[in-house]
Amino acid sequence: YEGDLILKSQQEVIDFGANNYTKVNGSLTIGDPEQGATTDIFDLSPLQGLNTISNNFWIINNPSLVSTLGLNIDFVGVNLLLPLTLH
């Protein structure tokens, strides 16, 4: 995938995952970056084929997401931001 990407809903995670991308050539944010915003994202397994993010990778404002199970990221080019409550 070319460019920066923000996935703000579980359906967007599912739809993006269906494309079977292995790399985001840019930044990936899973969640809504707006202060105080939240999402319905609870499952990252649709992104299991994704392994490289060339810029920032952030997982933010997802209160229903309690695990990164199914996520297989091997490389993040710049910053990695994960909430401390994930298991």
Side-chain angles (χ1 to χ4, degrees):
Y1 181 86
E2 291 291 329
D4 297 335
L5 181 65
I6 300 174
L7 302 176
K8 295 183 181 181
S9 71
Q10 184 64 46
Q11 190 59 53
E12 288 179 354
V13 170
I14 293 167
D15 293 346
F16 183 75
N19 291 304
N20 296 314
Y21 288 109
T22 59
K23 179 180 182 179
V24 172
N25 194 18
S27 294
L28 173 61
T29 300
I30 299 174
D32 193 329
E34 294 292 323
Q35 186 173 348
T38 60
T39 74
D40 67 342
I41 297 171
F42 63 91
D43 178 22
L44 299 181
S45 65
L47 305 177
Q48 64 188 354
L50 186 62
N51 58 41
T52 301
I53 300 165
S54 68
N55 204 338
N56 297 313
F57 179 38
W58 296 358
I59 299 178
I60 54 175
N61 299 330
N62 302 293
S64 298
L65 183 64
V66 297
S67 172
T68 57
L69 190 65
L71 204 56
N72 298 308
I73 304 297
D74 295 327
F75 178 81
V76 175
V78 181
N79 293 310
L80 173 64
L81 173 66
L82 300 172
L84 296 176
T85 56
L86 287 178
H87 298 94

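Treat the numbers as computed from the prediction; the structure is a model and nothing was measured.
L44 is connected to L5 through a chain of hydrophobic side-chain contacts under 4.5 Å among Ile, Leu, Val, Met, Phe, Trp and Tyr, so both are in one cluster. Cluster annotation: L80 and L65 are assigned to the same hydrophobic cluster (Ile/Leu/Val/Met/Phe/Trp/Tyr, side-chain heavy-atom contacts under 4.5 Å, transitive). Residue L7 is not grouped with residue W58 when hydrophobic side chains (ILVMFWY) are merged at heavy-atom distances under 4.5 angstrom, including chains of intermediate members. Cluster membership check: I30 does not share its hydrophobic cluster with I14, using side-chain heavy-atom separations under 4.5 Å among Ile, Leu, Val, Met, Phe, Trp and Tyr.
Contact between K8 and P33 at its shortest, heavy atoms only, is CE-CD, 4.2 Å. Considering every non-hydrogen atom in both N79 and V76, the closest pair reads O-CG1, 3.4 Å. Minimum heavy-atom separation, N61 to E34: ND2-O, 3.4 Å.
Here D74 contributes atom CG and I53 contributes atom CD1; the two are 10.5 Å apart, rounded to the nearest 0.5 Å.
Ring geometry for Y21 versus Y1: interplanar angle over 60°, hence perpendicular rather than tilted (30 to 60°).
Contact check for L50 versus I73: side-chain heavy atoms found under the 4.5 Å cut-off. No side-chain heavy atom of V13 sits under 4.5 Å from any side-chain heavy atom of D43.
In this structure, the side chain of D40 does not engage the main chain of S9 through any donor-acceptor pair within 3.5 Å. Remark: the backbone N or O of T39 is not paired with any side-chain donor or acceptor of N62 at under 3.5 angstrom.
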I'd like to know whether L71 forms a side chain to side chain contact (heavy atoms under 4.5 Å, CB included) with F57, so could you lay out the CA-CA distance, the side-chain angles of the two residues, the decisive distance to 0.1 Å, and finally the verdict. CA-CA 12 Å; L71 204 56; F57 179 38; 3.7 Å; yes
Solution key, residues 22-29 side-chain donor-acceptor pairs under 3.5 Å, sequence neighbours excluded:
from	atom 1	to	atom 2	distance (Å)
N25	OD1	S54	OG	3.1
N25	ND2	E2	OE1	3.0
N25	ND2	E2	OE2	3.4
S27	OG	N56	N	3.2

